[in-house]
Amino acid sequence: MAVRTGAIALSILESQHRMDQLNAAYGEALDAADYDAWIGMFTEDCHYRVVSRENYDQGLPLSIMALEGHGMLRDRVYGITNTLFHSPYYQRHVIGTARILSDDGRTLHATANYAVFRTKPGSVSEVYNVGRYIDRLLHTREGLKLQERICVFDSEMVLNSLIYPV
Amino acid sequence: MAVRTGAIALSILESQHRMDQLNAAYGEALDAADYDAWIGMFTEDCHYRVVSRENYDQGLPLSIMALEGHGMLRDRVYGITNTLFHSPYYQRHVIGTARILSDDGRTLHATANYAVFRTKPGSVSEVYNVGRYIDRLLHTREGLKLQERICVFDSEMVLNSLIYPV
Amino acid sequence: MAVRTGAIALSILESQHRMDQLNAAYGEALDAADYDAWIGMFTEDCHYRVVSRENYDQGLPLSIMALEGHGMLRDRVYGITNTLFHSPYYQRHVIGTARILSDDGRTLHATANYAVFRTKPGSVSEVYNVGRYIDRLLHTREGLKLQERICVFDSEMVLNSLIYPV
Amino acid sequence: MNAIPPFEGPEHRWTGEGSSRIPFWAYTDPAIYRRELERFFYGNGHWCYVALEVEIPDPGDFKLSWVGERSVIVVRDRDGSINVVENRCAHRGVRFCRKPKGNARSFVCPYHQWTYKLNGDLAGLPFRHGVKKEDGSVQGGMPADFDLKQHGLARLKVETWNGLVFATFDHTAPPLSEYFGADVVPWLNRIFDGRRLTLLGVNRQRIPGNWKLMMENIKDPYHPGLLHTWFVTFGLWRADQQSRMVMDSHGRHAVMISQRNQGGEAKAVTEGVTSFRKDMTLNDARLLDVVVEPWWQGPTVTMITLFPSVIIQQQVNSLSTRHIVPSGPDSFDFIWTHFGFEDDTEEMTRRRLRQANLFGPAGFVSADDGEVIEFSQDGFRQKGPDGETVCELDGRGVGPADHMVTETLIRGMYGYWRKVMEI
Amino acid sequence: MNAIPPFEGPEHRWTGEGSSRIPFWAYTDPAIYRRELERFFYGNGHWCYVALEVEIPDPGDFKLSWVGERSVIVVRDRDGSINVVENRCAHRGVRFCRKPKGNARSFVCPYHQWTYKLNGDLAGLPFRHGVKKEDGSVQGGMPADFDLKQHGLARLKVETWNGLVFATFDHTAPPLSEYFGADVVPWLNRIFDGRRLTLLGVNRQRIPGNWKLMMENIKDPYHPGLLHTWFVTFGLWRADQQSRMVMDSHGRHAVMISQRNQGGEAKAVTEGVTSFRKDMTLNDARLLDVVVEPWWQGPTVTMITLFPSVIIQQQVNSLSTRHIVPSGPDSFDFIWTHFGFEDDTEEMTRRRLRQANLFGPAGFVSADDGEVIEFSQDGFRQKGPDGETVCELDGRGVGPADHMVTETLIRGMYGYWRKVMEI
Amino acid sequence: MNAIPPFEGPEHRWTGEGSSRIPFWAYTDPAIYRRELERFFYGNGHWCYVALEVEIPDPGDFKLSWVGERSVIVVRDRDGSINVVENRCAHRGVRFCRKPKGNARSFVCPYHQWTYKLNGDLAGLPFRHGVKKEDGSVQGGMPADFDLKQHGLARLKVETWNGLVFATFDHTAPPLSEYFGADVVPWLNRIFDGRRLTLLGVNRQRIPGNWKLMMENIKDPYHPGLLHTWFVTFGLWRADQQSRMVMDSHGRHAVMISQRNQGGEAKAVTEGVTSFRKDMTLNDARLLDVVVEPWWQGPTVTMITLFPSVIIQQQVNSLSTRHIVPSGPDSFDFIWTHFGFEDDTEEMTRRRLRQANLFGPAGFVSADDGEVIEFSQDGFRQKGPDGETVCELDGRGVGPADHMVTETLIRGMYGYWRKVMEI
Ligand code: FES
Ligand code: FES
Ligand code: FES
Ligand SMILES: [Fe+3]
Ligand SMILES: [Fe+3]
Ligand SMILES: [Fe+3]
């Protein structure tokens, strides 16, 4: 029978639960191409970046996607759904348990490892983009919102194109 | 120091814990080919289906595996262990945090993303089957049991055969 | 609204949180090549082994890496950073929820499934090493420490070399 | 150094007589495979299966399909007829259609928006006559002699057969009825008699073996009662059953017909058969809750191989087409389309779906067919170009049979193969 | 059996005149590809792009790069000059340098520690003169006639061009100015006028198509106003703009020059263009917050193709080099290096970075270029060796043009290609 | 167009004399590789390693192994003798045995249940004599002249050597003692003197390089003291040690023998050796807790290469066989089987296991061997067919040596290779 060894503040378990649920919902939204839900997980003034590990580690500012605020997120979604010709593909996110680096009750910093698998309809699945989320979130009345998500990916050689957010 | 921001009912943390533990145990049972343990995670009257995303999204009823109740699950296990000639392979499940969609204390609805890797003994690992579990569970005296698990997989082109459940 | 169905001792939720956080930190440390942090997660008298499933299942003692205590861990790190010529590569860990098999408040036994992806800088990601952690941990003042971690991997055909711990 | 014989090419000779010993290189040689594509999938009067009509019920409905390695679009035209056009733009070759299924009024290649009618005709292209400037001068445009008619999508000859859709790049191909032949047609019409079909779904598997091995597998009545425990144990298919092996006059198409018996022990056909399980019973009989359908008129199983591209299955209440899409000498994709009939009761639909557990990539009696095909290719590959299979059960000749203890259908197919391949 | 023609080799003939119809085998044949490597990437006086100087600012700084399929080290020597040496040990062939970037005083192959100077000369090797024993006798060592000078790393001829670094294995290659030609040089110098560059970062994509398709794509002024909604809708590139198509005298290099207009509707160039979005506006205008830079002197877009290895992009405020690294006939890696100028304000840097959203593997107007190239290769592959593209917009000849409604630059490139390939 | 020379084939000539310069195409050409399989792995009197006897102790015990690219079953027969048969059914080629290890009374191919004895003889097959009907008539069956004896599994010639198992498809091969030769046998018998072995385990790695590179690596006494820090620093292997290089009379097999010294600094062999670490000591000495074993009789290291398929390692207390399984010209699988002796104490077993940290895919002194082999193949590939390695340390001839400063063993192997390959 388990014995209790040093309490953990409930608030920590709660924040952990919120963060992991956000990541689970985030992956599910993108995998289902539910982009409104995706945008809804960010604050109005958010930053969203997808950047290679080599640029990130060298402190080079270039990303493959760098969006600021809901407006740009919506412009990207419009591109995905209306202007960007591409071969459709499924995404599948598997995201590890988040690590909460700090949480002052207003702002929360966290990271998590992720793997995204790509499958062209009727075809086989492939490892598409693996990396790490580096997040800054706000506690809001509607729960945690991403104020900044930087997707730092190891998979520096992109398999042709990356159309959807990861 | 973390600050508490709006309580979460303990029951939610508990159901989350039960659900994630069930998924962890589920993956471990299949990866260890412990099929009795696998069957034990389902209710007697369960439904278990493995269905491609294309059929599922189009509302077509065909699955690659569609079992109803412990009897059929046992028949499948007998096929795996006694009648289905195949090259043995290892499975390895990595399952994301579950999302609990509803929980009235009796019935619980949840989803989770999964990735299953296949390895033929002495060979390299490959991405085999990735997708999403769509679950309906019952709270029972022995804990949560799967009343229905639908494995909706992206990996529509099966790598030759799929012998074991995913 | 969720209904509470049978309480779970808080200590269980706490140990679960500690264990999953340790695994998340473990993966992050290795993926960032922060080997001091990695060693710090083990007890002085630790055992660390990376062993193929075929050897493990047949009860054969051979590993591909078998280290005993901080000294050997440090010798390995010195090998990685100073003596072992190799092509550098990124690792990315995605680790499933841990299963705590027993926890008496002093010693904790747990397992978890893991997938490690390898990426050579500027190249594509590949499935590198997937398997299962079989752990024995101690509750210490600085939290949980690994007294033994056995990485039992399915990926029996190693993709040339395995330089960094998994 | 003295010349090193390349793996493929002229030194491959089929020395033996007849077609009972198939050389391994017939399954592994890339040059042989390319000739197979040219002669069986793209030419010499052969037809390939591409779809069921029910998959594209309405005008404009299309689906992507395959003829050999070539991607084609199967589309229902405004008038309800079906066109099959190659999915390759006439401008600069782009395989432009990327959605597996959909509905279109026309096809537009995204690169430069050349636009095609549903029958593949080029309807127009941007700036064909150049761009007129304010000063009236014209910039660019296609040459004066550019002829739209010369630049449509490659169009295939199409015929439907009571719900099945076939196509061919060879516009000189004979009508389907002639292609199938008088011996096969009745068995096809037994299933496809004009009833409306219902689509149950599609399953796909990639089998790392030569495409012919799948044709062999379904022309091989010898194996089901041995490899497949369920068949021998539950009497779905075994050597003591009344059965017939039918062939077309060329030996390329075939039908394996049989009538289920009660299974159980039967010295002659179960003794020493390690896959037979005397005491095996199902925990849930619904998996095999067979109900006789009037149109069966006896046979419980008919497996029709329509060379080179499709197998049509009736296994008790389970019905499907199995489309063979080759890709290289050592791999093919196998696409299962399960169907029923519009007048099926809900129970019958549920029954067909339950029995579907026997088939497909996870099927109780089909998963292992994919496996043995993979292992066959492994065997051919490891031996290198020499080596041959031995298909001499029931002799070395070719002819119909009224039993299952024979490899005659396989010999029939390779007899035809040698003729067409000129090998 | 009678001989089976191999897929590649002599039976491939380019029968037609001119260069307006490119046979599919020019994109798929491995033997053609190997000859391309020999003649375009490794010989016949061709130069390849390898780096920006700013990537290796200090003595000893090096980066790995590619010339065709060959790995090379681009390194700044003590005297500030730049060397390019092949990354292959002269002893037993090891591609020994594995760090993508770094700083070195010399290069040491780990296998036996042969040591090379930064210019590739072999500085020494262990036990060259053997090992002396106590008794004074000497064990082993290299032969007396072993000459260090004969065993250096393969050294390439190098030239820099205002911050760009080019190299060639062909030491008889002409100077860069001659290689680029008088018509192209001014456009190159417009961007690279000697200003110091700043490095913004690198993006990489693997495109499963023939490398020439990317050159075509940037020699094709026809597609941007059709494939790329943003270009036509926001007037970044469309047929009603003032533009010029420049070529070098060989037809191998080119510049597409154009000046942005206000976009919106314009019957002649938007009517029936399905990618045009009449009412589309940006939710966040900062994505396209173009600010004219003085050095533009008019043109808002200049796309320079320097055959065979690099494309230099100015698209309004976004600047990059795009390096083509071929790997086999049906795939190449495409490496984008975005840069700015040392005197850029912070705003301008942020602007360049925001506009970078249009380009690269995820770019609003570049992601689909990679996609159509993949689909082109799909189309070539499925058709087999016969089949050809039709590049006859604006005629069948080769020459400069003052508009976009033309495929002349593509014809120019293949005219040159035929000559050099002797096909 | 004028003919394009294919990558492989007759135009490859080894023009130079001797064997000190190995052309890159010897490592990359698929046709060369296929001839290697035929002549070294399947014929010309060569033996291949397949197992240790201790892996299959009891009657019926089998394990899958490889001879070249061919899958074989190594099985202990009822009488305790060992058979090696090819894992390929005589009926239709199926590689039927899929379990890596097991115990069997006979082998049954699942497809049609042809059944083989443990020695590969065909014991029987279902319905060989057809199926008898009630009316007594017989359906099907094999032809009257079908001869079981002609349809067994391919059987290999087998010899064991004090616990090692070797096999060959060439039944005219000489006895092992003759194959190894008088110079090598004593070193083999030093380890394998008839003592019972214990199995510690198996490790596997896939090395993307030509299989010969691994033979070279273990015939190369030059590199260990340079590449491997541990060897030079701890004196496990360095040029100032007493050592001998032994070869068989053909130059195909070899033994590298050396005796450990105390390590540390030694001008002649550590000066300028960048991998030498003057002040390096182990945090945990147990990793290198060497204890002299009586049977060593001096040497602390003996590395035996038995061409073409196996390396036998004694590195202080660590013992293993390393099996080379080629797959194509540019990759091979490398299978390590670590063993000890039945009379080992627990400490000695623990010691062997701790020292195993130096070897295998993660080994302190072996992981980098796999890496440099990969990088060698990278170098060969990028250069294309011309280009050659330079193996001229200690001259250009072939002969034994009493020191390590030599590449004579490599020259010996390629001298033999040229002769057998007739190149
Ligand atoms: S390639 Fe299809 S329109 Fe140009
Ligand atoms: S291979 Fe480079 S030093 Fe020997
Ligand atoms: S293939 Fe082995 S029994 Fe038929
Ligand atoms: Fe079958
Ligand atoms: Fe474009
Ligand atoms: Fe070594």
Side-chain angles (χ1 to χ4, degrees), chain D residues 1-7 20 22 24 27 213 216-217 220-223 225-228 238-240 243 267-269 271-275 368-369 371-385 387-396 401-408 410, chain F residues 6 8-10 12-14 29-35 37-38 42 66-72 86-98 108-115 124-133 138-143 145-146 150-151 154 418 421-423:
Chain D
M1 82 201 214
N2 45 7
I4 293 183
F7 213 44
S20 68
I22 299 102
F24 288 175
Y27 302 93
L213 289 167
E216 274 181 35
N217 181 267
D220 172 2
Y222 184 30
H223 87 273
L226 298 166
L227 175 61
H228 305 308
R238 42 192 258 179
D240 59 350
S243 60
K267 206 165 167 318
V269 298
E271 187 173 51
V273 173
T274 62
S275 55
D368 35 22
D369 285 319
E371 293 278 297
V372 292
I373 286 173
E374 177 172 351
F375 310 156
S376 301
Q377 196 74 17
D378 288 341
F380 303 152
R381 196 185 293 108
Q382 82 183 48
K383 185 58 164 59
E388 58 186 19
T389 67
V390 178
C391 304
E392 307 196 337
L393 191 70
D394 196 28
R396 303 188 172 93
D402 60 356
H403 60 83
M404 298 173 176
V405 193
T406 179
E407 287 170 316
T408 182
I410 295 172
Chain F
E8 53 180 284
H12 285 170
R13 299 199 180 294
W14 189 328
D29 184 327
I32 292 282
Y33 172 71
R34 286 191 300 268
R35 183 178 284 184
L37 283 180
E38 287 311 318
Y42 306 147
W66 299 94
V67 172
E69 291 190 351
R70 293 164 79 165
S71 172
V72 297
E86 186 168 9
N87 183 12
R88 181 170 47 78
C89 181
H91 178 217
R92 282 174 23 205
V94 169
R95 185 189 289 176
F96 60 88
C97 186
R98 312 304 300 193
V108 181
C109 174
Y111 206 173
H112 310 89
Q113 299 190 10
W114 284 29
T115 302
L125 54 100
F127 313 138
R128 176 183 174 194
H129 303 296
V131 172
K132 190 181 261 93
K133 294 173 62 181
V138 172
Q139 299 177 318
M142 296 302 282
D145 65 1
F146 179 83
Q150 302 310 311
H151 298 278
R418 276 188 86 163
M421 291 288 283
E422 297 172 87
I423 285 171

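Letters A, B, ... mirror the listed sequences (proteins, then strands); counts begin at 1.
Of the residues considered (D:E392, D:Q377, D:E374), D:E392 shows the highest number of contacts with chain F, using heavy-atom pairs under 4.5 Å. Per-residue counts of heavy-atom pairs under 4.5 Å with chain F were compared for D:T406, D:D368, D:V273; the largest is that of D:V273.
Proximity to chain D is limited to the side chain of F:W114, based on heavy atoms less than 4.5 angstrom apart. Neither the backbone nor the side chain of D:D240 comes within contact range of chain F, judged by heavy atoms closer than 4.5 Å. Of the two parts of F:R98, only the side chain, counted from C-beta on, holds a non-hydrogen atom closer than 4.5 Å to a non-hydrogen atom of chain D. Interface remark: F:Q139 contributes backbone and side-chain atoms alike to the contact with chain D (heavy atom separation under 4.5 Å). Looking at D:Y27, neither its backbone nor its side chain comes within 4.5 Å of chain F, counting heavy atoms on both sides. Residue contact with chain F, scored on non-hydrogen atoms closer than 4.5 Å, involves the backbone and the side chain of D:S275 alike. Residue D:E271: no heavy atom, backbone or side chain, is found under 4.5 Å from chain F. With a threshold of 4.5 angstrom between heavy atoms, F:A90 approaches chain D through N, CA, C or O but not through any side-chain atom.
We find the OH-CD distance between F:Y33 and F:E38 to be 10.5 Å, quoted to the nearest 0.5 Å.
Aromatic ring pairs are classed by plane angle as parallel below 30°, tilted from 30° to 60° and perpendicular above 60°; the pair D:H228 and D:H223 is perpendicular. Ring planes of F:F146 and F:H151: parallel class, angle under 30° (limits at 30 and 60°). Ring geometry for D:Y222 versus F:H91: interplanar angle over 60°, hence perpendicular rather than tilted (30 to 60°).
In this structure, F:H129 and F:V138 have side chains that are not in contact, with every pair of non-hydrogen atoms separated by 4.5 Å or more.
In this structure, F:D145 pairs ionically with D:R396, as a charged nitrogen and a carboxylate oxygen lie closer than 4.0 Å.
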